[in-house]
Amino acid sequence: MKRMLSGIKPTGRVTLGNYIGAIKPFVSYQDEYEMFIFIANLHSMTIYQEPKELRQNTRDLIALYIAAGLDPDKVTLFLQSDVYEHAQLGWYLGCMVSMGELSRMTQYKDKASKLGKDESIGAGIFNYPSLMNADILLYDPDYVPVGEDQKQHVELCRDIAERFNKRYSETFKIPEPLVSKVGGRIMDLQNPTKKMSKSEETNKGTIYILDDINVSKKKIKSAVTDSDSHIHYDPINKPGISNLLEIYSIISNKSIEDIEKQYDGCGYGVFKTDLAEVVGAELERIQARYKEITTGSYLDDVLAAGAAKARPVARKKLAKVERKIGITIKKR
Ligand code: ATP
Ligand code: LTN
C-alpha cells in the first residue's frame, strides 16, 4: 500500500471548503492507502488562539473527521503535539532552508501584507514550512493531499528533502502533492473570486459544518451568481455558478456534465434549492454522527491510540536523521 499523509489546523470552525477540499477526499482514500492524518495544532499557534476555543476546535475537528467517515481503525489519526519528534525535526530542517525560500511562500506573504500599521508578524509564521516539512518527512509518505493553497509548501518540502538527501545520503522519500481537480478551491458564496475561508470576518459566504442546517441552506440559496440563467461550468466567466456546480458534484458524487444536463433549462433558483437540500442532507448525516461520538472518552481513546501508532514511526526516522547529521554521539 502506498502511504499518504496530511494535516489540518484547528484554527476555527470547520467549513464546507475544508470538508470538500480535505476531509471528504481523505475518507475516499482510506481503503486504498495507508494513511496518517493529524491535527496541526502546533501550526495553529502561529496566530493567537484563545485557549478555550483552541481546545474546542481541536476536539471538533477530530470528531468531524470521524463523523465524515474516517475510520480510526484504518487511519492513524493523531495530534501533532503528541508526537514531539515533529518539533525536533522541524528545528533541524529550519536550519537547512534559506530566508529567501521562506519569504517566497505565499501564505507568509499574504499574512505579512495584511498587517496593520502597529502589528508585527510572529517568527512562527515565517518558519511555518519547516515544521510542515518535518510533519511530512518523518513518515515517508508517497502523497500529501492538500488544497491548492498548500501545494507550494509541499514543493518546498521536496526541495529540502532532496537537499538533505544530497548532503547526508538518502534519508527521506520525496513526497508528491495531491491536489483534487474538482473541489481543490471552494469559493466564498458571497464573493466567488475569493476562497471560502474559516478566518473570514463576515460569515455570510462561508458554510460551517456544525452550524444550524437551515442557516446553511439559506446561505446556499442566496449565493451570488451572475445575471444569466444558464447552468454551465465556466470558472472564469461564471465563477459563482461554477463553484456551486463543484459543490454539488462532490457532495452528490455526480459529474459536473451530468448535473449540467439534469438542470438544462432550469433557472438558478431551482438549482440552488436542490443544492441546499443535497448539502443539508450531508450536513445532517455528519452532525448526527458527531453527536454520538462526542460523548464519553471515545475521542481521547482514538487520539491515544493514534499517537501510539505514529510515535514509533516518527522516532525511528528522527533517530536516523540524528545519526546522520552528527547529533547522536554514540557509535553504533
Ligand atoms: P484559513 O481559511 O484560515 O486560511 P484554511 O481552512 O485554509 O484556513 P486549514 O484548516 O489548514 O486552513 O486547511 C485545511 C485543508 O483544507 C487544507 O488542505 C486546505 O487546502 C483545505 N481548504 C481550506 N479551505 C479550502 C477551500 N475553500 N476549498 C478547498 N480546500 C480548502
Ligand atoms: N499547512 C497546512 C496544514 C499542515 C499540513 C501539514 C498539511 C500542517 N502540516 C503537513 C499537509 C502536510 C494548512 O495550512 N492547511
Side-chain angles (χ1 to χ4, degrees), residues 3-26 35-47 49 54 57-58 60-61 64-65 68 78-81 83 86-87 89-90 93 105-108 110-111 114 124-125 127-158 160-161 175-189 191-201 203 205-209 235 239 243 246-247 250-251 310 314:
R3 189 177 279 182
M4 203 175 249
L5 169 136
S6 197
I8 175 166
K9 288 174 295 177
T11 44
R13 294 188 294 152
V14 179
T15 70
L16 189 67
N18 298 134
Y19 177 66
I20 291 182
I23 302 179
K24 197 166 155 72
F26 297 167
M35 293 189 73
F36 287 81
I37 301 291
F38 63 93
I39 305 294
N41 54 358
L42 299 180
H43 277 106
S44 74
M45 301 308 294
T46 49
I47 291 171
Q49 305 293 318
L54 178 61
N57 287 336
T58 306
D60 279 353
L61 196 48
L64 278 177
Y65 270 129
F78 64 102
L79 286 185
Q80 187 184 28
S81 59
V83 183
H86 288 238
L89 180 61
L93 298 180
M105 294 296 111
T106 45
Q107 185 169 350
Y108 161 74
D110 272 6
K111 298 272 180 240
K114 283 184 197 142
I125 189 88
N127 203 22
Y128 179 112
S130 299
L131 181 58
M132 181 155 164
N133 292 343
D135 298 337
I136 298 171
L137 298 177
L138 277 174
Y139 299 91
D140 280 334
D142 299 278
Y143 299 107
V144 181
V146 282
E148 184 64 47
D149 57 333
Q150 293 298 316
K151 199 167 159 220
Q152 192 190 26
H153 284 158
V154 182
E155 275 156 7
L156 177 66
C157 178
R158 290 167 59 87
I160 300 303
E176 295 264 356
L178 199 69
V179 181
S180 325
K181 290 211 173 57
V182 174
R185 193 171 165 81
I186 295 300
M187 302 311 223
D188 188 283
L189 299 180
N191 180 359
T193 56
K194 217 178 88 253
K195 187 185 97 155
M196 184 183 284
S197 167
K198 49 163 113 90
S199 45
E200 203 37 58
E201 310 88 51
N203 295 329
T206 303
I207 303 265
Y208 298 100
I209 302 296
N243 188 40
E246 287 201 24
I247 296 174
I250 301 277
I251 304 280

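Residue indices begin at 1 and follow the sequence shown. Atoms within a ligand are numbered from 1 in the order they appear, just like the ligands themselves.
To the nearest 0.5 Å, the span separating CD1 on I37 from CZ on F26 amounts to 4.5 Å. To the nearest 0.5 Å, atom CD of residue Q152 and atom CE of residue M105 are 4.0 Å apart. Here the CD1-CD1 distance, from I125 to I47, works out to 5.0 Å after rounding to the nearest 0.5 Å. Here the CE atom belonging to M4 is positioned 11.0 Å from the CD atom belonging to E176, to the nearest 0.5 angstrom.
Under the rule for a side chain to side chain donor-acceptor pair (under 3.5 Å), the partners of S81 that lie at least two apart in sequence or sit in another chain are N41. D60 meets the salt bridge (charged side-chain N to carboxylate O under 4.0 Å, His left out) test with no other residue; sequence neighbours excluded. Residues forming a side chain to side chain donor-acceptor pair (under 3.5 Å) with Y128 (at least two apart in sequence, or on another chain): none.
Close contacts between ligand 1 and I8 involve ligand atoms 10 (O), 14 (C) [criterion: under 4.0 Å to a heavy atom]. Close contacts between ligand 1 and A22 involve ligand atoms 15 (C), 16 (O) [criterion: under 4.0 Å to a heavy atom]. The atoms of ligand 1 that sit less than 4.0 Å from any heavy atom of G21 are 29 (C), 30 (N). Less than 4.0 angstrom separates some heavy atom of V146 from each of these atoms of ligand 1: 18 (O). Less than 4.0 angstrom separates some heavy atom of N18 from each of these atoms of ligand 1: 6 (O), 10 (O), 13 (O), 14 (C), 16 (O), 22 (N), 23 (C), 24 (N).
In this structure, the ring of Y139 has its center less than 6.0 angstrom from the ring center of H86.
In terms of polar-atom proximity, G7 is not counted as a contact of ligand 1, lacking any N or O under 3.5 Å from an N or O of the ligand. Ligand 1 has a nitrogen or oxygen under 3.5 angstrom from a nitrogen or oxygen of I186. Below 3.5 Å of separation, one finds an N or O of S197 facing an N or O of ligand 1. The N/O atoms of M187, backbone and side chain alike, include none that comes under 3.5 Å of an N/O atom in ligand 1. Close N/O approach between D149 and ligand 1 is found [any backbone or side-chain N/O within under 3.5 Å]. On a distance-only criterion, M196 and ligand 1 share at least one N/O pair closer than 3.5 Å. Between K195 and ligand 1, an N or O atom pair is found at a separation short of 3.5 Å.
Minimum heavy-atom separation, N133 to H153: OD1-O, 4.0 Å. When all heavy atoms of V154 and V144 are compared, the pair lying nearest together is CG2-CG1, 4.0 Å.
Of the possible polar contacts, one joining the N18 side chain to the T15 backbone as a donor-acceptor pair under 3.5 Å is found. Side chain of S44 to main chain of P10: no donor-acceptor pair is present (N/O by atom type, distance under 3.5 Å, no hydrogens or angles).
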Distances only, to 0.1 Å: what are the N or O pairs between ligand 2 and the protein that fall under 3.5 Å?
from     : atom 1 : to   : atom 2 : distance (Å)
ligand 2 : 1 (N)  : Y128 : OH     : 2.6
ligand 2 : 1 (N)  : Q150 : OE1    : 2.9
ligand 2 : 9 (N)  : D135 : OD2    : 2.6
ligand 2 : 14 (O) : K9   : NZ     : 3.4
ligand 2 : 14 (O) : Y128 : OH     : 2.9
ligand 2 : 14 (O) : Q150 : NE2    : 3.1

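Assignment of I20 to the shell around ligand 1 is not supported, since no heavy atom sits closer than 4.0 Å.
If you look at R185 next to ligand 1, the close heavy atoms, those under 4.0 Å, all belong to the backbone.
The aromatic rings of F36 and F78 lie perpendicular to each other, with more than 60° between the two planes, well past the 30° mark.
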